[in-house]
Amino acid sequence: MPENQFGGQQYLLLPEGSSRILGRDAQKTNIAVGMAVANAVKTTLGPKGLDKMMVSDLGDIVITNDGATILEEMNVEHPIGKIMVDIAKTQDKEVGDGTTTVVVLAGELLKGAGDLLEQGVHPTTIVRGYKMAASKAVDIVGQHSREVKAADEAILQKIAMVALGSKNIGDDATKLQIAKLVIRGIKQIIAQDASGNMVIDTDFIKVEKKAGGSIADTQLINGVLVDKEITHPSMPKSIHNAKIALLDVPLEIEKTETDAKIEITSPDQMQAFLNQEEQMLKGMVEKIKKSGANVVFAQKGIDDVAQHYLAKQGIIAVRRVKKSDLEKLARATGARVVTSLEDLGPEDLGFAGMVEERKISGEQMVFVEKCKDPKSVTLFLRAGSQQVVDEAERAIADVIGALSSVIKDGKCVTGGGSIEIDVANGLRNYSSEVGSREQLAIQKFADALEIIPKTLAESAGMDPIETLVQLRNKHRSKGGTAYGVDIFKGSIGDLTKSGVIEPSKVKVQAINSASEATEIILRIDDMISSRSRSRGPGAGMPGGMGGMGEE
Ligand code: ADP
Ligand code: MG
């Protein structure tokens with residue numbers, strides 16, 4: 001622990017066992033931690049990137065290529081590490097794809113900042129330069145963007161294939177099949193808000209997964225797959241042209257919270273009491289029957305007696321359905337969630353061409369399908385093993401994110417490092433217009449972006465430096481700006497031809513978040529940890545903010 005300007009006085013301010021790192025030491029440590037996190041995911045970038053296998057405390061295994069997942073599973077403890085993990089999560093939430101890219105980019109920005117700090121450039125100058133560079137970079141991405149419409153099926157397919165590219169879930173034909181399903185699903189749920197703007201709420205593409213079968217058995221259900229069983233064995237197993245009631249009311253006699261005592265003195269009274277309960281439940285079922293419903297999804301419980309009467313009426317009932325599933329069912333079938341049985345009428349019911357319970361890998365699931373123009377659909381993922389369905393689920397999340405952001409935003413760019421080269425070249429030109437010291441930071445920003453083509457080249461077994469030089473030159477010559485790393489050919493090439501297309505928004509979000517995270521980290525020059533060192537060796541600082549995942 002270096003002495004600070006207050007001499008030993010910090011020990012009066014801070015509790016015993018706490019630790020502190022100041023100034024350059026803090027910056028150096030933080031940059032090193034950020035870079036370590038970036039290095040941990042770098043090798044997974046791109047379709048030839050490798051997977052990571054992570055084993056949790058409990059021995060659970062996750063095999064993945066997904067940046068956000070890797071970082072989450074790593075349980076990074078260092079606060080700076082956590083910032084890096086957060087940007088991957090934000091990227092995941094905002095655009096669904098590009099989680100590895102954002103972290104790798106942030107790592108390079110930190111590295112560049114470290115070099116500048118060594119040269120004596122002040123952190124606030126670097127921060128200002130990075131801010132200028134990020135905003136210029138976003139402009140340049142915009143200039144190189146192409147328009148995409150929801151109707152451009154071929155382009156959407158390419159974008160989906162690139163988003164699926166690095167995930168190890170099957171051959172190209174399988175991936176294309178999944179890509180098509182996701183495109184169909186997203187198009188199905190596109191809605192409009194009150195002012196006529198396009199809304200894509202990706203919550204309404206439900207992803208259900210079950211290990212078993214093969215990935216080619218994956219299907220898109222025009223409706224909702226509910227992972228529950230029909231409550232009573234003598235209810236029908238399937239109903240055509242279902243009229244569906246969604247209930248947020250218990251079909252039970254609710255036991256009161258207060259202690260009420262009922263004194264029963266004779267068996268007759270007991271019988272009368274039970275009869276009355278039964279009559280009430282029967283009355284509830286009659287109200288449902290009267291509405292015309294033949295399928296009931298209830299968020300709450302359904303009493304055995306009520307189940308019996310429902311079954312007698314030939315009504316299918318499913319109980320304890322998640323609230324989120326009820327909302328999805330409402331959007332898919334057009335039903336309204338009813339909170340009182342008194343209100344239930346024919347106008348509240350929804351429609352599905354088919355409601356059926358099917359046994360999938362030994363478990364019953366209820367399929368609500370063939371809905372009319374449903375604004376909620378389900379992608380039902382199948383694959384031979386749990387690991388593959390899990391990775392497929394993450395891959396699908398990337399595709400859903402990429403497609404919905406490109407449809408909303410309407411812009412795409414070529415990937416494979418080509419856009420990064422364009423932006424880097426543009427930033428270098430821009431830096432020469434900036435007279436002040438910030439130009440050094442802008443140049444570092446340009447260098448940092450080139451980590452993407454460099455890493456992709458490396459993963460394809462190409463010489464990274466050689467590739468970079470060739471690409472820079474290509475991009476300076478006319479008509480060469482779509483040149484990038486053609487990973488499968490192992491050479492540089494025009495990536496519009498190979499169809500390596502990505503949403504502009506994925507790049508813009510990555511540039512903004514990586515630069516913001518770097519700026520936050522650079523502004524820190526005092527790290528105080530009140531965590532006790534007594535948690536074992538390395539639990540305090542500086543090593544102790546360790547706990548870093550890269551063990
Ligand atoms: P991320 O989590 O950042 O999306 P990926 O592992 O999906 O990471 O890799 C994305 C990078 O790989 C992007 O830069 C993208 O342009 C590039 N890429 C994807 N497919 C190809 C391809 N067929 N050829 C070249 N580059 C590709
Ligand atoms: Mg990706």
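Heads up: numbering here begins at 1 and tracks the sequence. Read the numbers this way: they start at 1 and go in the same order the structure lists the ligands and their atoms. Atoms considered below: every heavy atom in the structure, side chains included; atoms not considered: hydrogens, waters and symmetry mates.
- Some N or O of G98 is nearer than 3.5 Å to an N or O of ligand 1, by distance alone.
- Annotation: E420 places no N or O atom under 3.5 Å from an N or O atom of ligand 1; distance criterion only.
- With hydrogens and angles ignored, the 3.5 Å screen pairs no side-chain donor or acceptor of S195 with any backbone N or O of N197.
- In the displayed structure, K206 atom NZ is contacted under 6.0 Å by more than 12 heavy atoms of other residues, nucleotides or ligands.
- Ligand 1 has at least one atom lying under 4.0 Å from a heavy atom of K507.
- Of the options A395, A510, G416, A460, the smallest heavy-atom separation from atom 16 (O) of ligand 1 is shown by G416.
- No donor-acceptor pair closer than 3.5 Å links the side chain of K370 to the backbone N or O of N222.
- Proximity to G415 (heavy-atom distance under 4.0 Å) selects the following atoms of ligand 1: 16 (O).
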Subject >> K210 vs E208, salt bridge (Lys or Arg N to Asp or Glu O under 4.0 Å): CA-CA, chis, key distance, verdict >> reply: CA-CA 7 Å; K210 269 262 168 335; E208 272 290 348; 5.5 Å; no
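- Taking 4.0 Å as the cut-off, P47 counts as a neighbour of ligand 1 on heavy-atom distance.
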Original post:
Taking it one step at a time, do I215 and V389 satisfy side-chain contact (heavy atoms from CB on, under 4.5 Å)?
Top reply: CA-CA 8 Å; I215 192 128; V389 267; over 6 Å; no
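- Under a 4.0 Å N-O distance rule, the pair E420/K507 qualifies as a salt bridge.
- Contacts between V506 and ligand 1, counted as non-hydrogen atom pairs separated by less than 4.0 Å, are absent for every part of the residue.
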Original post:
Does the pair D447 and L449 meet the rule for a side-chain contact (heavy atoms from CB on, under 4.5 Å), with working shown?
Top reply: CA-CA 6 Å; D447 297 346; L449 283 162; over 6 Å; no
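- The distance from the Mg ion (ligand 2) to the nearest N/O/S atom of D97 is under 2.8 Å.
- Considering both main-chain and side-chain atoms, E502 comes within under 3.5 Å of ligand 1 through a nitrogen or oxygen pair.
- Judged by the shortest distance from any of its heavy atoms, V162 lies inside the 4.0 Å radius around the atoms of ligand 1.
- If you number the atoms of ligand 1 from 1 as listed, the ones under 4.0 Å from a heavy atom of T44 come out as 6 (O).
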**OP:** With side-chain contact (heavy atoms from CB on, under 4.5 Å) as the test, would you mind laying out the steps for T378 and V207 before giving the verdict?
**Re:** CA-CA 6 Å; T378 306; V207 179; over 6 Å; no
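- If you look at T99 next to ligand 1, the close heavy atoms, those under 4.0 Å, come from the backbone and the side chain alike.
- In summary, the atoms of ligand 1 found under 4.0 Å from a heavy atom of I452, numbered by their order in the structure, are 14 (O).
- The N/O atoms of G46, backbone and side chain alike, include one that comes under 3.5 Å of an N/O atom in ligand 1.
- Here Q91 has no heavy atoms under 4.0 Å from ligand 1, in either its backbone or its side chain.
- Each of the atoms 1 (P), 2 (O), 3 (O), 8 (O) of ligand 1 lies under 4.0 Å from some heavy atom of T100.
- Under 4.0 Å is where a charged nitrogen must lie from a carboxylate oxygen, and between E450 and R472 at least one such pair does.
- Below 3.5 Å of separation, one finds no N or O of F488 facing any N or O of ligand 1.
- The structure places CG of D373 at 12.0 Å from CD1 of I189, a figure rounded to the nearest 0.5 Å.
- Residue contacts with ligand 1 for V485 involve N, CA, C or O but no side-chain atom from C-beta outward (heavy atoms, distance under 4.0 Å).
- In terms of heavy atoms, A134 sits closest to S515 at CB-OG, 3.4 Å.
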